[in-house]
Amino acid sequence: MAHEAVEEGYEEEVVGRTAHTQWVPFAQALTGDLLFIDHRTDHYGEVGEISFGDPEYLPLWPSMTLMLTDLNNAVEGSLPLPTARRRPSVHEGRMLEWVTY
């Protein structure tokens, strides 16, 4: 997506806002929204979210370690995860489900 924006001449609207060549996606919703790890020097290791209905990405956690700690605590305690605006739960004992609240 970032390469296409550069080739098509609309780099300013996309690169670093909704896509970047140094973002590595690791989770995707059915809607196409993504969680990614940022590998840019000034944001290295941050976890962000791309929601294709929003004009900018949303930084969620400063590191994967903190994300996993928060996720673990939320699942074990049946708590909402305010950073992601969802409540994770285990569905049918085998699948992580993200419920919007």
Side-chain angles (χ1 to χ4, degrees):
M1 189 174 179
H3 289 296
E4 182 180 307
V6 172
E7 290 173 3
E8 301 284 326
Y10 56 93
E11 179 178 3
E12 285 185 26
E13 291 85 15
V14 174
V15 177
R17 297 179 71 195
T18 59
H20 199 283
T21 57
Q22 292 183 313
W23 291 352
V24 179
F26 67 91
Q28 183 173 10
L30 294 173
T31 59
D33 296 350
L34 299 169
L35 291 180
F36 66 89
I37 301 289
D38 197 335
H39 286 267
R40 295 176 293 172
T41 303
D42 54 338
H43 296 277
Y44 193 83
E46 292 178 4
V47 177
E49 178 184 36
I50 302 166
S51 177
F52 289 102
D54 295 329
E56 300 277 338
Y57 81 97
L58 181 64
L60 299 178
W61 289 275
S63 72
M64 179 69 89
T65 301
L66 290 174
M67 183 201 90
L68 291 173
T69 299
D70 285 353
L71 178 60
N72 181 63
N73 292 339
V75 170
E76 285 187 352
S78 296
L79 304 169
L81 192 57
T83 307
R85 302 170 319 275
R86 290 171 178 74
R87 185 182 52 78
S89 64
V90 178
H91 180 71
E92 297 181 0
R94 61 181 176 84
M95 182 171 47
L96 188 62
E97 181 177 57
W98 295 85
V99 179
T100 304
Y101 64 89

### Hydrophobic cluster membership, L58 vs M67, 4.5 Å side-chain cutoff
yes

#### Entry: Non-hydrogen side-chain atoms of H43 and H20 separated by less than 4.5 Å
no

### Query
Do L71 and P88 touch side chain to side chain, with heavy atoms closer than 4.5 Å?
yes

### Query
Tell me, do D33 and I50 make a side-chain contact under 4.5 Å, heavy atoms counted?
no

### Message
Return the CE to OG distance between M95 and S89, rounded to the nearest 0.5 Å.
### Response
9.5 Å

### Task
Determine whether W23 and H39 make a side-chain contact, defined as any pair of heavy atoms from C-beta on separated by less than 4.5 Å.
no

### Message
I'd like to know if the side chain of R86 reaches the main chain of A84, judged simply by a donor and an acceptor atom lying under 3.5 Å from each other, with no hydrogens or angles considered.
### Response
yes

### Query
Do L96 and L66 sit in the same hydrophobic cluster, where Ile, Leu, Val, Met, Phe, Trp and Tyr count as joined when their side-chain heavy atoms come under 4.5 Å apart?
yes

### Single-linkage hydrophobic cluster W98~V90, side-chain heavy atoms < 4.5 angstrom
yes

### Heavy-atom side-chain contact between I37 and M64 under 4.5 Å
yes

### Message
Using side-chain heavy atoms (C-beta onward) and a distance below 4.5 Å, is F26 in contact with V47?
### Response
yes

### Message
Minimum heavy-atom separation for L79 and N73, please, with both atom names.
### Response
CD1-O, 4.0 Å

### Least distance between heavy atoms, Y57 atom then D38 atom
OH-OD2, 4.4 Å

### Query
If you measure from CG on L81 to CH2 on W61, what distance do you get to the nearest 0.5 Å?
4.5 Å

### Same apolar cluster: L60 and V24, side chain cutoff 4.5 Å
no

### Query
So how far is it from D54 CG to E49 CD, rounded to the nearest 0.5 Å?
7.5 Å

